[in-house]
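Data first, discussion second: the structure below is written as structure tokens.
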Amino acid sequence: MAVSMADITKLRKMTGAGMMDCKNALTEAEGDFDKAVEIIRKKGQAVAAKRSDRETSEGCVLAKSTGDYAAMIALKCETDFVAKNADFVALTQAILDAAIANKCKTLDEVKALPMGSGTIADAIVERSGITGEKTELDGYNFVSGACTAVYNHMNKNQLCTIVAFNKVCDEKVAHEICMQIAAMNPIAIDEAGVPEAVKEEEIKVAVEKTKAEQIQKAVEAALKKAGINPAHVDSEEHMESNMAKGWISAEDVAKAKEIKETVAAEKAAHLPQAMIENIAKGRLGKFLKEVCLLNQESIMEPKKTVADVLKEADPELAITDFKRFTLRAE
């Protein structure tokens, strides 16, 4: 049967599918719109199943604030060509708008919201049929407070941040805090927000690193005392290479290996525990300065911390929550 342009346009508005997909679906459905929508949906399901093992490393990340509430979401796909498509971005925005309107708390709640003739989950599957790529929803986060702010890094839809404050604050300050979170990727507002398990792991790593450094220093000192350049014997590969060049002899290598083994064992058995723990605590302090938002140096005013910037803006101003999501591996 002949399919009119008006019908094709109507179906395209209903589904977001391409013109040819709509024409073929209407032709197959003999003009029945409900059947045509189902045909497009099934095509999406087939594509989704076929490409289920594909990696969705591209996509569109958007964030939005309504004053006391802010949220972000990511619609992911396989290529940046699809991610930058106007319809794909519009679908991401529509999903975010629906999530905010309903103040969803989880990604599953978002997926279950109505959209078009089905749910948001259905719309995402349909999008796979349209683009031919695996498409999935991710990165849903929200914050609420007396004042919220959002930031889309360089407006590229790849990295977004959202932040909540305890009171209404200057827009410039709020924007700079959002940029700080985007640039420095903190894991907590302050030290109290860093999980104890994370602190314990950092201390453990710091202790082992400090022990290794102390042992290495003792070994290098012993090698130098024996007239051997530590850089010439720091690995089996270097030993062989430097012997071939005539920089060290076989006797030097044997002597170096003996020094490494005996001095390392002796130093490991007599490491000053109190000193090791103090150095490790110092390293933990440095780590907390880097990962706690309030402790970080401000990217806009490097001589000040974020806490200083907030205090100068308003002594009573406080950050109550923040979230960050990026498509890029870090």
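Please read these numbers as outputs of a predicted model, since none were measured by experiment.
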*Test the K103-F142 pair against the cation-pi criterion, namely NZ or CZ under 6.0 angstrom from the six-membered ring centroid and within 45° of the ring axis.*
no
Hydrophobic clusters here meaning ILVMFWY residues chained together by side-chain heavy-atom distances under 4.5 Å, can you tell me if [X] and [Y] are in one?
X	Y	result
L26	M5	yes
L294	L317	yes
M243	V233	yes
L91	V110	yes
L107	V125	no

Looking only at heavy atoms, which two atoms of [X] and [Y] are closest? And how far apart?
X	Y	result
A280	I203	O-CD1, 3.9 Å
F322	A188	CE2-C, 3.7 Å
I181	K323	CG2-O, 4.5 Å
I162	A70	CD1-O, 3.9 Å
C147	C169	SG-N, 3.9 Å
K105	Y140	C-CE2, 4.1 Å

Could you tell me whether the side chain of [X] and the main chain of [Y] form a donor-acceptor pair under 3.5 Å?
X	Y	result
D308	K311	no
T135	R127	no
N102	A98	yes
T119	A112	no
S128	E133	yes
D32	K35	yes
N229	A231	yes
D321	V143	no

Is there a donor-acceptor contact under 3.5 Å linking the side chains of [X] and [Y]?
X	Y	result
N24	E28	no
N152	N157	yes
Q296	Q180	yes
S235	E237	no
E136	T56	yes
H238	N242	no

*E171 vs H175, side chain to side chain contact (heavy atoms under 4.5 Å, CB included): CA-CA, chis, key distance, verdict*: CA-CA 6 Å; E171 286 185 13; H175 181 68; over 6 Å; no
Contact check, side chains of [X] and [Y], non-hydrogen atoms, under 4.5 Å:
X	Y	result
L284	L288	yes
N295	V306	no
E297	K289	yes
S144	D68	no
M184	I299	yes
T148	V163	no
L159	V61	no
L62	M72	no

_More than 12 heavy atoms from other groups under 6.0 Å of NZ on K23_ = no
*asked:* If you count every heavy atom of other residues, nucleotides or ligands that lies below 6.0 Å from K281 atom NZ, does the total exceed 12?
replied: no
Rounded to the nearest 0.5 Å, how far apart are [atom1] of [X] and [atom2] of [Y]?
X	Y	atom1	atom2	answer
R283	K209	CZ	NZ	4.5 Å
E208	E213	CD	CD	11.5 Å
W247	D252	CH2	CG	14.0 Å
K303	S298	NZ	OG	13.0 Å
L271	K211	CG	NZ	7.0 Å
K245	I248	NZ	CD1	10.0 Å

*K199/E191 under salt bridge (Lys or Arg N to Asp or Glu O under 4.0 Å): CA gap, chis, key distance, verdict*: CA-CA 9 Å; K199 294 178 186 177; E191 293 180 19; 5.5 Å; no
_Residue list, side chain to side chain donor-acceptor pair (under 3.5 Å) with H153, at least two apart or on another chain_ = Y151
*List in chain and number order the residues that pass side chain to side chain donor-acceptor pair (under 3.5 Å) with T92, two or more places apart in sequence or in another chain; answer none if no residue qualifies.*
none
_Show, in sequence, the C-alpha distance, side-chain angles and deciding distance for D122 and M115, and conclude whether the side chain to side chain contact (heavy atoms under 4.5 Å, CB included) test is met._
CA-CA 8 Å; D122 294 330; M115 177 167 281; over 6 Å; no
*Pick out which of K134, R328, K84 makes a salt bridge (charged side-chain N to carboxylate O under 4.0 Å, His left out) with E58.*
R328
*asked:* Checking T161 against V150 for the side chain to side chain contact (heavy atoms under 4.5 Å, CB included) test, could you report, in this order, the C-alpha distance in whole Å, the side-chain angles of both residues, the deciding distance, and whether it holds?
replied: CA-CA 6 Å; T161 62; V150 304; over 6 Å; no
*State whether E220 and K217 are salt-bridged, where the test is any N-O pair (Lys NZ or Arg NE/NH1/NH2 against Asp/Glu carboxylate O) under 4.0 Å.*
no
*Apply side chain to side chain contact (heavy atoms under 4.5 Å, CB included) to I100 and Y69, showing your working.*
CA-CA 8 Å; I100 289 178; Y69 188 88; 4.1 Å; yes
*Not counting sequence neighbours, list each pair that qualifies as a salt bridge (Lys or Arg N to Asp or Glu O under 4.0 Å) and has a residue in residues 253-279.*
E236-K257
